[in-house]
Number of protein chains: 2
Amino acid sequence: MADLKAGVNQLFLREEELRTGMELLFYAYREFTAEPDEILAAIDFGRAHHRVIYFVGRYPKITVSELLAILKITKQSLSRVLGELVRQGFIDQQTGARDRRQRLLELTEKGVELERQLSETQRQRIARAYKMAGAEAVEGFRKVMMGMLDDEDRAKFTPPAPTRPVTKR
Amino acid sequence: MADLKAGVNQLFLREEELRTGMELLFYAYREFTAEPDEILAAIDFGRAHHRVIYFVGRYPKITVSELLAILKITKQSLSRVLGELVRQGFIDQQTGARDRRQRLLELTEKGVELERQLSETQRQRIARAYKMAGAEAVEGFRKVMMGMLDDEDRAKFTPPAPTRPVTKR
DNA sequence: AAACCGCGTCAACATGGCTGACCTAAAAGC
DNA sequence: GCTTTTAGGTCAGCCATGTTGACGCGGTTT
């Protein structure tokens with residue numbers, strides 16, 4: 001009887017714990033995107049533009065299909081925002097040397113500036129959270145977050161250097 | 001000179017660390033929503049329906065304005081999905097006893113079943129991550145995630161029992 | 001009685017996903 | 001060298017979910 005009660009209690013705690021995790025993710029993600037969204041809206045861009053800017057900044061000379069693999073959207077969706085970014089001079093495309101079908105993407109100076117501006121609030125938010133929580137907690141955060149990913153995404157974080165999904169280049 | 005180098009290195013590490021945090025959040029959120037999204041699509045619902053179902057399940061007898069405060073969307077947006085959920089018998093509305101202007105929301109049995117089904121994969125994903133990472137890491141995860149929230153959201157997690165933002169009821 | 005509040009609704013619009021079809025040019029395979 | 005595959009672009013249309021703004025009804029508060 002005592003055992004049964006303990007079991008039920010365990011279950012309840014676990015349920016609470018899991019819900020907390022779900023909600024933390026929901027709220028954190030929302031807060032995380034809110035500030036850049038405002039900046040973006042002012043220049044008639046959306047979250048999609050931010051993602052493209054971010055990953056092009058992260059992986060200079062990334063190809064379109066590599067970018068698609070990261071974002072997991074269709075090329076039609078990407079092309080809309082990417083096209084705008086290119087036309088408005090935030091991103092440069094240069095034809096691949098080895099493979100001339102590829103368009104290697106890179107931020108222009110203007111693009112770098114926008115990226116910096118957009119990510120600044122996010123960086124601050126994370127830095128604040130890391131600082132408040134302490135180094136050990138950060139390690140735990142990373143472990144748990146990694147555990148939530150599928151193998152494919154997880155692999156992006158394990159290799160020695162920051163690497164994009166490598167296809168032949 | 002050695003100092004300077006160390007400083008630069010510190011900066012680089014910090015930058016890497018922060019980017020990792022940003023990306024973990026991006027990928028984790030995407031994975032987290034992917035599975036429910038599939039189930040939802042099959043019954044012609046979207047992520048917005050899930051959120052409503054989730055929070056109504058979480059806070060039975062929640063009022064419309066409390067729900068709006070949690071979701072931070074306009075009532076017009078909410079009303080679209082909430083209306084469908086009510087019409088299709090996933091959510092019941094009952095007029096508030098104290099304040100008859102209020103519509104207290106509750107999941108029907110059908111709603112509970114859908115909620116369970118939708119959240120199941122998410123619960124499993126979190127449970128797996130928690131288990132893989134260990135109790136201490138989970139504590140760290142929570143600390144960091146809390147640090148990312150604004151005070152308002154953070155307050156939702158600190159009180160003794162799970163509480164919704166309390167207005168007069 | 002007046003003002004405010006909770007909730008619903010109509011209309012119009014933007015963003016960012018999607019599918020499907022079709023094209024060019026370059027690379028790879030045989 | 002011809003064929004097939006690949007990288008990338010483009011047109012057209014659809015859908016979900018967010019937005020603003022305006023207005024109405026009934027219940028509560030002052």
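Every chain is numbered from 1 and lettered A, B, ... according to where its sequence line falls, protein lines coming before strand lines. These figures come from a predicted structure and were not determined experimentally.
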Spacing of B:Gln94 atom CD relative to C:dG6 atom P, expressed in whole Å: 19 Å
Separation of C:dT15 C1' from B:Ile73 CD1 (nearest whole Å): 16 Å
Presence of donor-acceptor pair under 3.5 Å, side chain of B:Gln76 and base of D:dG21: yes
Side chain to side chain, A:Phe32 and A:Tyr27, heavy atoms closer than 4.5 Å: no
CA sep, side-chain torsions, deciding dist, call: B:Met132, A:Lys143, side chain to side chain contact (heavy atoms under 4.5 Å, CB included): CA-CA 8 Å; B:Met132 280 172 50; A:Lys143 265 195 206 163; over 6 Å; no
5' priority, DNA chain C, between A:Gly96 and A:Glu84 [closest heavy atom]: A:Glu84
side-chain N/O A:Ser65 vs D:dG8 OP1/OP2, d < 4.0 Å: yes
Check: B:Tyr54 ring centre within less than 6.0 Å of B:Tyr59 ring centre: no
Spacing of A:Leu68 atom CG relative to C:dG17 atom P, expressed in whole Å: 11 Å
Nucleotide nearest B:Asp99 when distance is taken to its side chain, options D:dG9, D:dG18, D:dG27: D:dG27
Gap separating the OH atom of A:Tyr29 from the CE atom of B:Met148, nearest 0.5 angstrom: 11.0 Å
N or O in side chain of B:His49 less than 4.0 angstrom from D:dA16 OP1/OP2: no
D:dT17 phosphate, OP1 or OP2, under 4.0 Å from B:Ser77 side-chain N/O: no
Side chain A:Lys75 and base D:dG9 donor-acceptor under 3.5 Å: yes
Closest listed nucleotide, where the reference is the side chain of A:Arg47 and the choices are C:dG16, C:dG8, D:dT17: C:dG16
Protein-nucleotide distance (B:Arg80, atom CZ; C:dC13, atom C1'), rounded to Å: 11 Å
Side-chain N,O (B:Arg51) to OP1/OP2 (D:dG18) below 4.0 Å: yes
Closest-nucleotide 5' rank along DNA chain D - winner of B:Arg100 and A:Gln93: A:Gln93
Distance-only donor-acceptor test, B:Arg101 side-chain atoms vs C:dC7 base atoms, 3.5 Å: no
Atom-pair distance (CD on A:Glu66; C1' on D:dT6), nearest Å: 14 Å
Candidate pair B:Glu66 and B:Thr63, rule side-chain hydrogen bond (donor to acceptor under 3.5 Å, both in side chains), full reasoning: CA-CA 5 Å; B:Glu66 285 165 342; B:Thr63 67; 3.3 Å; yes
Atom-pair distance (NZ on A:Lys72; P on C:dC18), nearest Å: 12 Å
Residue-phosphate contact under 4.0 Å: A:Thr74 side-chain N/O, C:dC18 OP1/OP2: yes
Value in whole Å for how far the P atom of D:dT17 lies from CZ of A:Arg30: 16 Å
Whole-Å distance separating the CZ atom of A:Arg103 from the C1' atom of C:dT24: 10 Å
